[in-house]
2 protein chains.
Amino acid sequence: MQVSCFVLRLTFLSVPLHSVHRRFVPVPASLRLERLDSGRLRSRRTRVCVLATTHSSRAASRMDDSASAPARTDNARPQRFCTRCGAQLTIQTPIGDYRERAVCERCALVHYENPKVISACVATSRDRRKVLLCRRALRPASGRWTLPAGYLEIGETSRDAARREALEETNAAVLVGPLLAVYELLQAAQIQLVYRATLERDWTPADYRQNAETLEARLYGWDEIPWDMLAFPTVAWALRYARSTLHVPDSTLVPEIRVKSASGEQFIV
Amino acid sequence: MQVSCFVLRLTFLSVPLHSVHRRFVPVPASLRLERLDSGRLRSRRTRVCVLATTHSSRAASRMDDSASAPARTDNARPQRFCTRCGAQLTIQTPIGDYRERAVCERCALVHYENPKVISACVATSRDRRKVLLCRRALRPASGRWTLPAGYLEIGETSRDAARREALEETNAAVLVGPLLAVYELLQAAQIQLVYRATLERDWTPADYRQNAETLEARLYGWDEIPWDMLAFPTVAWALRYARSTLHVPDSTLVPEIRVKSASGEQFIV
C-alpha cells in the first residue's frame, strides 16, 4: 500500500517537472514518468510526430556500401535503452557469449543486433533486351541509377519484397524469378538477395508514378546502361551477372555470391 | 534547481521501494529510476546479471517453425521503449509508410523490425557418405537432432557464421561450400541460408566438446538419419536436398528455395 501511494504522489508532482524539463532542462536518463507521457499529458502537448522517411526509402539509402563509412546497423545509432523495460543499457559480454552486447541489467534482456536483408530485382522486359532501373531521390547517391530494392519486412518473403519494391519505386508489376545473387556487405550489415524478374506487362517511363524514393524510372538496353552513373557497386555486379546469364534457364541459374568486407575488399565466393 | 532536488529525493526514497517492489509488487511501467538501478544501488543489491542463453542458442531455439505459435521477432517480445531516448513507444503508421511501426513520439525514431538471417550447414565427411548432426540441448525440440545453425552476426559473412556455428556446436572444423538452400519461415521471421560443407579433418563423436546448445554430435550415414527425431522440418528439407544433390558439383548447385507461410503452408519456390 505504501508503494502505491508513493507512485501516485510521483505522478502528481511530475506534471510541472515534466513540462519544465521538456523545455529547459536536459532529460535525466534516470527519471522517466511514462504514464504521464503517454496519457494525461499527451492531449496538453498535442505533439505531432512527423515521420516522413519510409522504411524502404531508408533501406535504399542503406544500399550505400562506400568503404569510408563506419560500421552501422539499421538505424545508424547505438541502442541505449531497453526496449522491454526502458532501463539504461550497458555493454558487456553475456555469460556463455563471445562478444559484447547491449544488455539490460534490470530485466536481463540482451539487445542483439544482426544484419538485415535487402531484396532487389533485376527486372527485364519480356524479350530480356531491356532492364528496369530507377534514379534515386535520396542520399546517398541521389540522382544515380539503381535497382528497385528495399528491406525485407516481417511476414513477407524476399521474393514478395522484391516485387513490392519494384511496384513502389517504379510502378512496374514484375514476375519474380530465381535467385540471381547474394551480396553481403559487412560494413553496412546488409545481405542483399537479388532476383531475376520480368515485367508482367509492357511498361514505359510514362507509367512511372512519383514517389519519395525515386526521381524517375526507365528501361535501358544492355548496351545503354549508364555504368558511370550507377549508385552502388552491387548494382553493377547484379547487372553484369544478369547480362552474362541471360541465356541460363531459371532452373539452372546459380546465384553469384559476393562479399564486400568491412575494409572494403570485394571478392566472389 | 527544483528539478534536481526532486530527482535526488526520489533517489533516496526509492531504496526501500525498489527492494519492496522487486519482491512483492509488480513493477509499474510508469515509474523507473534507472540511475539508482545502475549506479548507487548496484553495489548494495549486488544483483548479478545471469545471461546463460547465448545468441546462437537462442537462434537455434528460434528454428522452431511450428504452425501454432504466434508471429514473433527476435526476442519474442514487443518493443515498448525507445532504444535511443527511453520514451514509451506508440504503434502508428509513419507518414509515407504503409504499415504500423513502433514509433517514438519524443525523438521520432521508428523501431523497424525485420526478419533475421540464420546460417546453417549440412556438413559431410570428405567422402560425403556421412553427415554431421547435433542433438539440441535447448527448447524447443530439445533432445532432437538438428544442423549446426545460428544467427548471422554483424561483421561476418553467412558462410563464416555457418563455419562458426559448426565449431561452437560440434567442435568440428568445416570447409563451407556453395549455398545449398534458402528457407524462409514467415512465422518465425527467419530466413535460413544453408550451406553445403565438408569436414576439414576426420571427426568422431569423441571430438565433441560439451557446450550450452548441444547434448552430443555425431556422423550419420545417409541411410541412418533419424528422420523421426529431427528437430524441425527445415532440417529434413536440407538433408533431403543435400542427399539428392550429392553428385552435383559445387559450381552448378542451384539452391533449393522453400517458404513456410505464416499459416504453416509449405511450398517450394
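Chain letters run A, B, ... following the sequence lines, proteins first and then strands; every chain starts at 1. Please read all numbers here as calculations on a predicted model, not as lab measurements.
- In this structure, no portion of A/Leu89 lies under 4.5 Å from any heavy atom of chain B.
- Nearest heavy atoms, A/Ile154 versus B/Asn114: CD1-C, 3.6 Å.
- Heavy-atom distances place the side chain of B/Ile191, and not its backbone, under 4.5 Å from chain A.
- Within the model, atoms CG of B/Leu186 and CG of A/Asp160 stand 8.0 Å from one another, a figure rounded to the nearest 0.5 Å.
- Note on B/Pro255, B/Ser158, B/Pro178: by heavy-atom pairs under 4.5 Å with chain A, the leading option is B/Ser158.
- Pairing each heavy atom of B/Tyr195 with each of A/Glu184, the nearest pair is OH-OE2, 3.9 Å.
- In this structure, the portion of A/Ser251 lying under 4.5 Å from any heavy atom of chain B is its backbone and not its side chain.
- Electrostatic pairing of A/Lys116 and B/Glu113 does not count as a salt bridge here, judged by no charged N lying under 4.0 Å from a carboxylate O.
- With a 4.5 Å cut-off on side-chain heavy atoms, B/Val254 and A/Leu253 do not count as touching.
- Heavy atoms of A/Val176 lying under 4.5 Å from chain B are absent altogether.
- Heavy atoms of A/Ile257 lying under 4.5 Å from chain B belong exclusively to its side chain.
- Closest approach of B/Arg84 to A/Phe81, counting heavy atoms only: O-CE1, 3.2 Å.
- The distance from the CD atom of A/Gln79 to the SG atom of B/Cys82 is 10.0 Å, given to the nearest 0.5 Å.
- Of all heavy-atom pairs between B/Arg99 and A/Glu153, the closest is NH1-CB, 3.2 Å.
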